[in-house]
K.L.:
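Before I ask anything, here is the structure I am working with.
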Amino acid sequence: MSNRNITHLSIIMDGNGRWANHQSMPRAFGHRAGIKSINTIVKACVTRQINELTLFAFSSENWNRPEYEVKFLLTLFEESINKYIEELHHNNIKIRFIGDHSVFNYQLVNSINNAEELTRHNAGLKLNFAINYGGQWEIINAFNKFISSNPGSTKITIEDFEKNLSLNHSKPDLLIRTGGEQRLSNFMLWQHAYTELYFTKCLWPDFNEKELDLAIKYFQNRNRKYGTINSENKLKKDV
Ligand code: IPE
Ligand code: IPE
Ligand code: MG
C-alpha cells in the first residue's frame, strides 16, 4: 500500500500480557513476542516511506507493576537494543530515546547512548522509543528547562515551550493503540493535540503489516480540519 500522508506515526504497543495469558504463558513471553512485532513494523514503515515512528515502550506509570516484570522489561530493552542495533544502523535508521533515563542502570544507559551515537547521522526512518516516558513529565520537564535557561522570565510562548520538549520537530499524524483500550495513558499529551486516533483490539504481538495497512487506510479516509470548516488544512507549525 502506498503512503502519501503519514509523516509521523506513533504507537501505544499494548496487549502483550493478555496475548501471553491467552496462551497460558507468563507475561514475559508476550513482551518477547512484542519485540518481534516492533521489528516487523519498523521494516513496514520503511517500505511505506513513513518518515518517523515513535513507539511507547514503557510508561512512567509502568513502575507500578511487580518488580520482576519491570526488571524483565528493562533487561529486555537493553538486550534488544544490542541485538538489533547493527541491522537498524545498516538500514539507515536514526534512533532516539525519550523519557527520564536518569534512573536506569549503567548497562541500559550505555546501550541507549551507543545506539543514538551510532545512528546519529542516518537519514532514513527516525525511530523514537519512549521508555520511562510520561507526557506530564515531559511537559513539566520542558517548562523547568525553559525556566533555568531564562531566569526571571515571567511568560512562555508556545514556540519557546516546544523548543524544550523531547520531540519538538514534528507531531504524529496518526496514533495507533493496540490492545483495545481507548486512552492515551500519558503518551505525548502535547504532541497528540491534532493527531488522528486509531484503536484496534488486535494485541501488539499479533500486529503486523496487514493491521498497519488497515490503520493507514483509516487515516487516509479522515478529514483533518484543524478547527476550520475546510478539509485538507494543515497547522502551519505542524509540518
Ligand atoms: C504493553 O503490554 C507493554 C507495556 C506496557 C510495557 P501490557 O504489558 O500492558 O499488556 P496488557 O495490557 O497487560 O495485555
Ligand atoms: C501503556 O500501556 C504504556 C505502554 C504501552 C508502554 P499500559 O498497559 O501501561 O496502559 P494502561 O495501564 O492500560 O492505561
Ligand atoms: Mg496494557
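Every number for a ligand or one of its atoms is a count from 1 in the order of the listing. Predicted model, so just to flag it, every value in this text is computed and none were measured. Note: hydrogens, waters and symmetry copies are ignored here, and every other heavy atom, side chains too, is used.
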K.L.:
Find out whether L9 and C45 are in side-chain contact, i.e. whether some heavy atom of one side chain is under 4.5 Å from a heavy atom of the other.
P.N.:
yes
K.L.:
Heavy-atom contacts under 4.0 Å between R177 and ligand 2: side chain, backbone, both, or neither?
P.N.:
side chain
K.L.:
How close does the nearest protein non-hydrogen atom get to atom 13 (O) of ligand 1, and which residue and atom is it?
P.N.:
R27 NH1, 3.0 Å
K.L.:
Salt bridge check, K43 against E87: does any charged N sit closer than 4.0 Å to a carboxylate O?
P.N.:
yes
K.L.:
If every non-hydrogen atom of Q136 is compared with every non-hydrogen atom of N186, which pair is closest and at what distance?
P.N.:
N-OD1, 2.9 Å
K.L.:
Which protein non-hydrogen atom lies closest to atom 14 (O) of ligand 2, naming both residue and atom, and how far is it?
P.N.:
S185 OG, 2.6 Å
K.L.:
Which atoms of ligand 1 sit under 4.0 Å from any heavy atom of L73?
P.N.:
6 (C)
K.L.:
Purely on distance, is any nitrogen or oxygen of E181 under 3.5 Å from one on ligand 2?
P.N.:
no
K.L.:
For atom 10 (O) of ligand 1, find the nearest protein heavy atom and state the residue, atom name and distance (0.1 Å precision).
P.N.:
G17 N, 2.9 Å
K.L.:
Does F58 approach ligand 2 within less than 4.0 angstrom via side chain, backbone, both or neither, non-hydrogen atoms only?
P.N.:
backbone
K.L.:
Is the closest heavy atom of H31 to ligand 1 under 4.0 Å?
P.N.:
yes
K.L.:
Is D14 close enough to the Mg ion (ligand 3) that one of its N, O or S atoms comes in under 2.8 Å?
P.N.:
yes
K.L.:
Is there side-chain contact between I176 and L212, with heavy atoms separated by less than 4.5 Å?
P.N.:
yes
K.L.:
Pick, from E61, M13, R65, R183, the option with the minimum heavy-atom distance to atom 7 (P) of ligand 2.
P.N.:
R65
K.L.:
Closer than 4.0 angstrom: is that true for some heavy atom of G179 and an atom of ligand 1?
P.N.:
no
K.L.:
Among all protein heavy atoms in this structure, tell me which lies nearest to atom 6 (C) of ligand 1, with the distance rounded to 0.1 Å.
P.N.:
A57 O, 3.2 Å
K.L.:
Would you call K171 and E162 a salt bridge, taking side-chain N to carboxylate O under 4.0 Å as the test?
P.N.:
yes
K.L.:
Rounded to the nearest 0.5 Å, what's the gap from CD1 on I95 to CZ on F129? Could you check?
P.N.:
6.0 Å
K.L.:
So which protein heavy atom does atom 9 (O) of ligand 2 come closest to, and at what separation?
P.N.:
N62 ND2, 2.8 Å
K.L.:
Counting each atom of ligand 1 from 1 as listed, which ones have a heavy atom of R18 under 4.0 Å away?
P.N.:
11 (P), 12 (O), 14 (O)
K.L.:
Ion pair present between D160 and K163, side-chain N to carboxylate O less than 4.0 angstrom?
P.N.:
yes
